[in-house]
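Report on one structure; see the data block that follows.
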Amino acid sequence: MGNLIYADNAATTQLDKDALEAMLPFLNQDFGNPSNKYSFAHFPRKAVEEARLIISNCINASPDEIFFTSGGTESDNWAIKGIALNTQNKGKQIITSSIEHHAILNSCSFLEQMGYKVTYLPVNHQGYISIDNLREVIDTNTSLVSLMLANNEIGTIQNIEELSKIAYDRRVLFHSDAVQAIGHIPIDVNNLGVDLLSASAHKFNGPKGVGFLYIRKGTEIINWSSGGKQENGRRAGTENVAGIFGMAVALKKNIDDMQKNITYVQKLSSVLLDKLSNSSIDFLLNGGKSRLPGNINISLKNRDGEAIMHLLDLKGIIVSTGSACSSGKTDISHVITSIGVPPDYAKGTIRISIGKENSINDVLAIANALISVTSYGSI
Ligand code: PLP
């Protein structure tokens, strides 16, 4: 990456070196199709099953509850549509929140067009969903509640244990999009009380284009694709062997080092925030007290987040924005709108997502660059 300071780890992360090493044999000499019965397919097949075991251990599930997919978007689509469209689950209401990723929101819009009712729970200023709100709207017509574990923009971590209890008491299935959380905070599907959970490898130093959906044993869900017998006949298609194995190696490594990484990334985040707080920049820190360790989402007063992003880019610093300019008007992200960031701050929203690969010098350079670009006055 040369002198680049990459601080957009919520968008994607750098592939772990051990994960890459582990993937190479399946991209080179061991390219056999795991579905074949001859000896040349043995190693790839063993790798897929070993990955399933490793991943299941990482989240306290059984191997036969892990289904490999092409990533978070597919896992979310499968969970939402797969439960709603299953005629066994007769309820026509889905409950979700206003701050979900578009993989959830657009799957819900698809169902609305088919006549399903979708209820979008609001969030408070920190991005928390109210347990009482969920209790009020859940009814006998509800087939699924889908609420994310950690938000991709503001990092707020929901109290999924308490929210899922409401669904459990009403015999309603519960899905959580854990794409941003897994590998970064501890996850135990039994403690969380979820029936389905989505994950994506590239958010935890695994390769892109691979993920998984955890489906609790006995959950009634339609098969995602029709074809061969892969993934127990539920998601047909030749497996991405290298991706699946690389994902397992990356996840295990992040989980083994989790406490160390959390402490380190939290320290970098607080150094950056302290530096900004001691500067003359007028900003609001978005998100809840319980937040992903590396997430810093700030809204700067009377500033343009997109312009700041480009100016930092020119200085070799990569962050993202919560607002985008299209056809002369600024679009504020649905998350920033939902948490009610005041209009004079909302347009100046940027997300800095620190990862374990960042250094103290990186965060000091980011703070200095932000102080410098905002001193121009007009952006
Ligand atoms: N869900 C959340 C919360 C995400 O942050 C993302 C990606 O940004 C996705 C789903 C989609 O994951 P993927 O990029 O693997 O399709």
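Counting convention: from 1, in listed order, for ligands and their atoms alike.
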Output a table of donor-acceptor pairs, distance under 3.5 Å, between side-chain atoms of residues 20-30 and any protein atom two or more places apart or on a different chain; print 'none' if there are none.
| from | atom 1 | to | atom 2 | distance (Å) |
| --- | --- | --- | --- | --- |
| N28 | ND2 | L24 | O | 3.4 |

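One side chain, S299 or T349, offers a donor N or O that lies under 3.5 Å from an acceptor on the other.
Shortest non-hydrogen contact noted between K203 and A10 is NZ-O, 3.0 Å.
For N223, the side-chain contact (heavy atoms from CB on, under 4.5 Å) partners at least two apart in sequence or on another chain are R234. Applying the side-chain hydrogen bond (donor to acceptor under 3.5 Å, both in side chains) rule to S277 yields no partners; only residues at least two apart in sequence or on another chain are considered.
N205 places a side-chain heavy atom less than 4.5 Å from the side chain of K356.
Residue-level contacts of ligand 1 at the 4.0 Å heavy-atom threshold are G71, G72, T73, D76, H101, M148, N152, D177, V179, Q180, S200, H202, K203.
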